[in-house]
K.L.:
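Handing you a structure now.
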2 protein chains.
Amino acid sequence: MTLEGRKKHILQAIVDDYIETAEPVASKSLLSRHPFNLSSATLRNEMSDLEQLGYLEQPHTSAGRVPSDKGYREYVDSLMRIDQLSDVQADEIRQRISTSFSELTQLLKNASSALSEQTGYVSVALTPRLRSSYLKQLKMMMIEPGKVLVVVVLSAGVVKDKLVRIPDYLTAEQLFEVSTAIEQGLCGLSLEDITLVTITSAVKDTPIPDSILNQVLFEAYTAIKQADHLELYIDGSHRLLSLPEFRDVDRAKNVFDTLSRDGMVAGYLDELSGRNGPDGTYMIRIGQEITLQGLSDCSFVTTTYNVDDKIVGNIGVIGPKRMDYSKVVSQMNFVRVLIDKHLKNDNNRMEDIG
Amino acid sequence: MTLEGRKKHILQAIVDDYIETAEPVASKSLLSRHPFNLSSATLRNEMSDLEQLGYLEQPHTSAGRVPSDKGYREYVDSLMRIDQLSDVQADEIRQRISTSFSELTQLLKNASSALSEQTGYVSVALTPRLRSSYLKQLKMMMIEPGKVLVVVVLSAGVVKDKLVRIPDYLTAEQLFEVSTAIEQGLCGLSLEDITLVTITSAVKDTPIPDSILNQVLFEAYTAIKQADHLELYIDGSHRLLSLPEFRDVDRAKNVFDTLSRDGMVAGYLDELSGRNGPDGTYMIRIGQEITLQGLSDCSFVTTTYNVDDKIVGNIGVIGPKRMDYSKVVSQMNFVRVLIDKHLKNDNNRMEDIG
DNA sequence: CTTAGCACTCGAAGGGCTTGAGTGCTAAGA
DNA sequence: TCTTAGCACTCAAGCCCTTCGAGTGCTAAG
């Protein structure tokens with residue numbers, strides 16, 4: 001059941017206006033801003049129909065109308081047209097992002113910050129899900145007796161490291177022996193397949209006392225497992241307070257409280273991502289569609305970036321339901337493309353990126 | 001000019017009450033909560049005096065009284081008594097922090113998060129100022145052709161690393177040669193003394209073509225310099241919205257906007273720290289005393305933690321002027337002690353920390 | 001110097017009125 | 001059958017007024 005021509009245009013105009021003004025849209029003011037060949041009375045009839053159909057809501061009888069969740073849904077699904085980014089905007093984003101290269105973390109932070117700044121909403125960036133990537137290298141570097149830097153290099157070209165403690169009577173040579181054994185035993189295994197068991201069997205022939213070995217093994221194990229942790233970068237939450245919908249502190253508090261539990265947001269993104277379409281698709285969740293408590297006054301726009309064939313992460317924008325979807329989508333897509341390019345170049349060769 | 005006995009007690013009681021209730025303090029309610037041997041009339045006279053002297057303010061004639069910045073100043077300088085932490089509180093903090101060890105970054109993040117959670121205000125943690133620490137090791141580890149992990153080990157036991165690109169025809173052997181030369185040339189130099197010049201002269205005898213050398217040098221240089229960057233971790237800003245003083249969105253927005261420019265906050269902390277007292281001292285900045293735009297409705301409590309003899313960083317708490325100073329100070333001090341212990345143990349030997 | 005007593009102040013809360021933006025309905029016209 | 005002019009109706013927002021009471025400052029007596 002989709003909308004017939006005129007209603008469609010009217011709904012589109014209403015959502016457009018409301019996104020711009022944040023005021024309930026009245027029949028007359030709609031007429032004054034769009035060249036409909038209609039009287040306000042007809043418009044009112046249509047608007048009344050649209051309300052009946054569930055696309056609009058009325059804050060109270062003598063007010064204009066506001067899109068409902070269903071109205072926004074129709075809008076993003078089939079009414080809005082995605083803006084093309086202006087060269088200026090594109091350049092700004094490009095500049096912000098290209099300062100960082102090679103460090104995934106920094107890349108995501110910059111991307112997130114650029115995205116928030118450009119859209120004026122809150123942005124999020126989730127590190128890639130690495131469980132299915134496999135181990136390419138594992139080096140353990142003695143910093144000083146008892147202190148070791150474990151460097152984990154993954155197939156996706158991602159490098160993670162962790163500083164750990166080991167017994168300080170372990171010599172650099174012994175350490176080298178153990179770490180080489182671990183590396184050889186685990187190389188090519190995906191992160192999800194690496195367990196304390198696999199790691200233990202990898203070093204069974206090493207001529208080092210078990211008591212020492214065990215601690216080193218364990219530290220190597222936690223370092224590897226840590227590489228698999230999802231991290232979430234959130235940027236620009238302060239911008240929410242400039243929006244009229246969050247003049248109400250309690251509404252704002254809801255959102256801030258949720259954002260502060262970044263584990264929950266990360267989990268939600270991760271879960272959502274499973275049900276995602278093909279790469280390059282964006283996904284929009286509106287109001288009640290967000291099954292994350294506290295964000296029911298918001299919309300959440302996400303997309304997926306690629307590190308590798310199977311390895312993906314997410315970026316997204318959180319804003320009011322009355323967000324400028326078309327702007328957000330186009331900017332987010334542009335950022336995604338930039339991330340993809342950066343990561344691709346990173347794994348192969350550096351070139352100018354544009 | 002300091003206060004005489006009775007006035008002192010009255011001011012103290014007023015500030016205490018106001019901190020607890022967030023309501024202007026009236027003569028009668030003050031009497032009901034404190035066993036003064038006085039009538040409300042006398043109390044009123046005294047309160048009127050205290051207002052004259054600038055310690056109190058009246059929102060309007062028929063309201064109670066509220067401490068002025070000067071009143072808070074007197075309170076924190078000579079009236080409040082610092083609580084002892086309860087065992088339960090201490091344990092909670094200890095637990096939160098001791099999960100992380102050895103990684104400075106993680107330690108600070110945990111400390112900051114614990115501090116915010118315990119106080120209910122916003123916490124900040126600034127990484128140490130490392131300019132005067134000197135280079136102990138510099139390793140360059142080839143991840144794959146063209147991609148190198150630069151590991152910088154500093155005297156304070158701090159380890160930083162950075163992933164960089166180099167020309168991909170550089171072999172592991174050449175890289176090793178260069179990095180060893182750099183390390184030998186720069187070892188013992190403090191970060192502030194390391195420049196492109198010193199680093200260049202360190203490798204002048206290396207048998208590698210200058211064109212290649214230069215790029216490697218430059219990357220090593222930026223990696224070293226990056227170790228010197230101050231980073232600020234802010235935690236718990238959402239908690240502000242629960243406080244009655246920030247029911248007003250514009251006030252909250254002021255603070256959030258300032259906090260979002262973490263470079264500014266870091267700079268302020270850094271600058272402030274120079275004028276700091278001996279270690280272990282806390283510093284309190286109240287309202288207008290904070291020369292950082294946007295925080296004039298807040299108080300800022302800071303202290304200094306030690307990494308090494310000369311190397312220090314800061315942690316702090318930002319809250320309303322009506323903050324529970326005594327609780328904040330005791331909790332912040334406890335966190336500082338924990339950080340110090342962790343870092344000391346880190347540089348020497350791990351033991352149980354309590 | 002203290003205190004009981006009292007007049008005074010002023011914000012907060014509530015009621016009632018007005019205003020006007022906006023709707024829904026009706027009946028006539030295309 | 002759809003459109004539209006016209007009109008009655010609704011209801012939040014803004015304003016004024018009143019009431020209420022918490023709290024003060026002052027005065028005069030102890």
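A, B, ... follow the sequence lines: proteins, then strands. Residue 1 opens every chain.
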K.L.:
What residue among A:Glu46, A:Glu74, A:Glu51 forms salt bridge (charged side-chain N to carboxylate O under 4.0 Å, His left out) with A:Lys7?
P.N.:
A:Glu46

K.L.:
Checking contacts here: which listed nucleotide (C:dA4, D:dT4, D:dT24) is nearest the side-chain heavy atoms of B:Gln58?
P.N.:
D:dT24

K.L.:
Between A:Arg65 (side chain only) and A:Glu57 (backbone N and O only), is there a donor and an acceptor less than 3.5 Å apart?
P.N.:
no

K.L.:
Both distances below 3.5 Å, Watson-Crick or wobble geometry, any strand: find the nucleotide opposite D:dA29.
P.N.:
C:dT2

K.L.:
Rounded to the nearest Å, what distance is computed from the CD atom of residue B:Glu23 to the P atom of nucleotide C:dA12?
P.N.:
11 Å

K.L.:
Taking OP1 and OP2 of D:dC7, is either one under 4.0 Å from a side-chain nitrogen or oxygen of A:Arg44?
P.N.:
no

K.L.:
What is the distance from CG of A:Asn37 to P of C:dA30, rounded to the nearest Å?
P.N.:
17 Å

K.L.:
Charged N to carboxylate O below 4.0 Å: is that the case for B:Asp297 and B:Arg322?
P.N.:
no

K.L.:
Start at the 5' end of DNA chain D and walk down; is the nucleotide closest to B:Gly64 or to B:Ala41 reached first?
P.N.:
B:Gly64

K.L.:
Do any side-chain nitrogens or oxygens of A:Arg65 fall under 4.0 Å of OP1 or OP2 in C:dG24?
P.N.:
yes

K.L.:
Just call it for B:Ser40: base, sugar-phosphate, or nothing, with non-hydrogen atoms closer than 4.0 Å on any strand.
P.N.:
nothing

K.L.:
Counting the atoms with a prime plus P, OP1 and OP2 as sugar-phosphate, which does A:Thr42 contact under 4.0 Å by heavy atoms, base, sugar-phosphate, or nothing?
P.N.:
base

K.L.:
Find the distance A:Asp49:CG to C:dT23:P and express it as a whole number of Å.
P.N.:
14 Å

K.L.:
Let's see if you can work this out: which of C:dG24, C:dC10, D:dT3 has an atom nearest to the side-chain heavy atoms of B:Thr61?
P.N.:
C:dC10

K.L.:
To the nearest angstrom, how far is A:His60 atom NE2 from C:dT23 atom P?
P.N.:
10 Å

K.L.:
Grab the CD-P distance between A:Glu46 and C:dC25 for me, whole Å please.
P.N.:
15 Å

K.L.:
Measure the spacing between CG of B:Leu259 and OG of B:Ser237 and express it to the nearest 0.5 Å.
P.N.:
6.0 Å

